[in-house]
**Q** 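I have a structure I would like to understand better, so I am pasting it below and will then ask my questions one at a time.
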Amino acid sequence: MDFVLDKSVTPFNLDHTLNCGQAFRWKKLGDWWYGLVGENVVKLKQADGKLVFYTYPEQKNVDFIEDYFRLDDDLRHILSRINRDTEVNKVIEKFYGLRIIRQDPWECLISYICAANANIPGIKNVVSSMARNFGKKVIFESQKFHAFPEPEALARASLAELGTCGLGYRAKYVLGTSRLISSGAVQFESLKGLDYEDARAKLLALPGVGQKVADCVLLFSLDKLEAFPVDIWVKRIVLERYPEHFDSFGLSDKGAVTSREYHAISTFGRVYFGKYAGYAQEYLFYYRRSRS
DNA sequence: ACATCCCCTTAGCC
DNA sequence: AGGCTAAGGGGAT
């Protein structure tokens with residue numbers, strides 16, 4: 001199956017999109033990317049202005065691919081809106097076609113709770129270990145794939161079982177949040193209907209969810225494109241490129257992101273880049289990480 | 001081999 | 001109220 005992309009209308013770069021670090025479950029084997037969207041194994045590659053893909057089990061309706069990769073976003077328009085200066089313009093040109101992915105909110109939430117104070121290879125290990133231990137197995141091309149576990153599956157796990165996934169001290173956060181989601185205390189669909197600030201406040205009430213995790217979940221799964229998550233890499237590049245927007249007082253170019261710094265940098269991002277600040281964040285993040 | 005620091009941070013304590 | 005620190009464990013140097 002394939003999906004024809006008219007690049008003049010729908011710019012898209014699959015490699016940038018899957019390499020930039022926003023999603024943890026995709027792997028590239030040869031020319032093909034393999035991953036799961038829900039319980040569907042998806043195999044795809046980009047060639048000659050087309051997206052060629054297979055799904056297993058085979059799906060007749062593949063709109064979910066378009067939804068997942070946000071091919072409905074008017075990327076030209078979005079990038080023109082965040083293209084505020086020559087510095088960010090260079091980054092946009094370098095990674096042109098990178099799209100924010102519309103992940104499943106549940107998987108996104110748990111993944112980013114596990115991502116706290118971890119590095120990307122480690123996050124990938126933990127998430128795949130949770131899927132292997134608690135998720136539904138799917139065989140495709142003689143390979144084992146595992147769907148991300150349902151909330152109920154993690155909610156009824158023990159701390160010790162979760163601990164075997166390499167979660168460390170985060171196991172109790174995953175368990176607590178899984179129970180709240182499983183019970184229906186927080187519902188993602190209703191969060192989508194709230195504005196950025198209100199949805200954020202709801203997420204912050206979950207164990208293991210602070211400012212950074214909340215903003216990642218809002219950006220990558222709840223359609224809040226103004227969210228501007230700040231980690232060590234975003235802090236670095238923003239303070240390198242935009243120092244004039246900050247008082248030197250209370251901001252250090254080294255070390256972890258303090259709460260005060262988080263607020264200052266994230267607010268700057270939303271004000272300076274506007275309603276699509278999250279796109280700017282991801283381009284800058286990927287640029288700064290790939291640079292060093 | 002080994003030590004050390006870092007990592008897409010949060011929560012709890014003072 | 002805001003700053004400091006402990007908390008798995010793997011990756012990187």
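Only a predicted model underlies this, so the values are computations on that prediction, with no experimental measurement involved. Naming convention: chains lettered A, B, ... in sequence-line order (proteins, then strands); numbering from 1 in each chain.
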**Q** Of all the nucleotides listed (B:dT10, B:dC8, C:dG11), which has the minimum atom distance to the side chain of A:V213?
**A** B:dT10
**Q** Answer with base, sugar-phosphate or nothing: what part of the nucleic acid does A:G21 contact at a heavy-atom distance below 4.0 Å?
**A** base
**Q** Any strand counts, and the cut-off is 3.5 Å on both contacts for Watson-Crick or G-U wobble. Which nucleotide pairs with B:dC8?
**A** none
**Q** Please confirm whether A:K235 makes a cation-pi placement over A:F228, using NZ or CZ under 6.0 Å from the six-membered ring centre and within 45° of the ring normal.
**A** no
**Q** Using a heavy-atom cut-off of 4.0 Å across all strands, would you classify A:L162 as base, sugar-phosphate, or nothing?
**A** nothing
**Q** Give A:C20 one of three labels, base, sugar-phosphate or nothing, depending on what nucleic acid heavy atoms sit under 4.0 Å from its own.
**A** base
**Q** Give A:V234 one of three labels, base, sugar-phosphate or nothing, depending on what nucleic acid heavy atoms sit under 4.0 Å from its own.
**A** nothing
**Q** Between B:dC8 and C:dG3, how far is it from one C1' atom to the other, in whole Å?
**A** 23 Å
**Q** Sticking with atom P, work out how far B:dA11 lies from C:dG10, rounded to a whole angstrom.
**A** 23 Å
**Q** Mind calculating the distance between CD (A:E282) and P (B:dC8) to the nearest angstrom?
**A** 12 Å
**Q** How long is the line joining CG of A:N117 and P of C:dT5, in whole Å?
**A** 15 Å
**Q** Consider the side chain of A:K212, meaning its heavy atoms from C-beta on, and name the nucleotide among B:dT10, C:dA7, C:dG10 that approaches it most closely.
**A** B:dT10
**Q** Do A:Y54 and A:W32 have their ring centres less than 6.0 Å from each other?
**A** yes
**Q** Starting at CG of A:L167 and ending at C1' of B:dC7, how long is that distance when rounded to a whole Å?
**A** 16 Å
**Q** Can you check the distance between B:dC7 and C:dA6, where both ends of the measurement are the C1' atom (answer in whole Å)?
**A** 16 Å
**Q** Starting at atom CD of A:Q211, determine the distance to atom C1' of B:dT9, rounded to an integer number of angstrom.
**A** 10 Å
**Q** Taking CG from A:L159 and C1' from C:dG8, how many angstroms apart are they, rounded to a whole number?
**A** 13 Å
**Q** Take atom OH of A:Y169 and atom C1' of C:dG8, then tell me their distance rounded to the nearest Å.
**A** 7 Å
**Q** Which part of the nucleic acid, if any, lies within reach of A:A256 when heavy atoms closer than 4.0 Å are counted: base, sugar-phosphate only, or nothing?
**A** base
**Q** Among the nucleotides B:dA11, C:dG8, B:dC8, which one has an atom lying closest to any side-chain atom of A:F285?
**A** B:dC8
**Q** To the nearest Å, how far apart are A:R288 CZ and B:dC7 P?
**A** 10 Å
**Q** Using a heavy-atom cut-off of 4.0 Å across all strands, would you classify A:P121 as base, sugar-phosphate, or nothing?
**A** sugar-phosphate
**Q** Could you tell me whether A:R102 sits above the aromatic face of A:F69, with NZ or CZ closer than 6.0 angstrom to the six-membered ring centre and within 45 degrees of the axis?
**A** no
**Q** Among the nucleotides B:dC7, B:dT9, B:dC8, which one has an atom lying closest to any side-chain atom of A:R236?
**A** B:dC7
**Q** Using a cut-off of 4.0 Å on non-hydrogen atoms, how would the nucleic acid contact of A:A118 be classed: base, sugar-phosphate, or nothing?
**A** base
**Q** Rounded to whole angstroms, how far apart are CG on A:D215 and C1' on B:dT9?
**A** 13 Å
**Q** How are the rings of A:Y34 and A:F145 set relative to one another: parallel (under 30°), tilted (30 to 60°) or perpendicular (over 60°)?
**A** parallel
**Q** Return the nearest nucleotide to the side chain of A:C216; candidates are B:dT10, B:dC8, B:dC7.
**A** B:dC8
**Q** Check for me whether the distance between the ring centres of A:Y96 and A:F12 falls short of 6.0 Å.
**A** no
**Q** Measure from the side chain of A:R260, starting at C-beta and using heavy atoms only, and say which of B:dT9, B:dC8, C:dG3 lies closest.
**A** C:dG3
**Q** Base of C:dG8 relative to its sugar, syn (within 90° of 0) or anti?
**A** syn
**Q** How far, in whole Å, is C:dG11 from B:dC2 if one measures between their C1' atoms?
**A** 15 Å
**Q** Looking at A:N125, does any N or O in its side chain come under 4.0 Å of the phosphate oxygens OP1/OP2 on C:dG11?
**A** yes
**Q** Looking only at the side chain of A:R170 (C-beta and beyond, no hydrogens), which of the listed nucleotides C:dG10, B:dT10, C:dG8 gets closest?
**A** C:dG8
**Q** Hey, what's the ring geometry for A:F3 with A:F53, parallel, tilted or perpendicular (30° and 60° as the breaks)?
**A** tilted
**Q** Can you label the angle between the A:W106 ring and the A:F148 ring as parallel, tilted or perpendicular, going by 30° and 60°?
**A** perpendicular
**Q** Between A:A23 and A:P207, which residue's closest nucleotide on DNA chain B lies nearer the 5′ terminus?
**A** A:A23
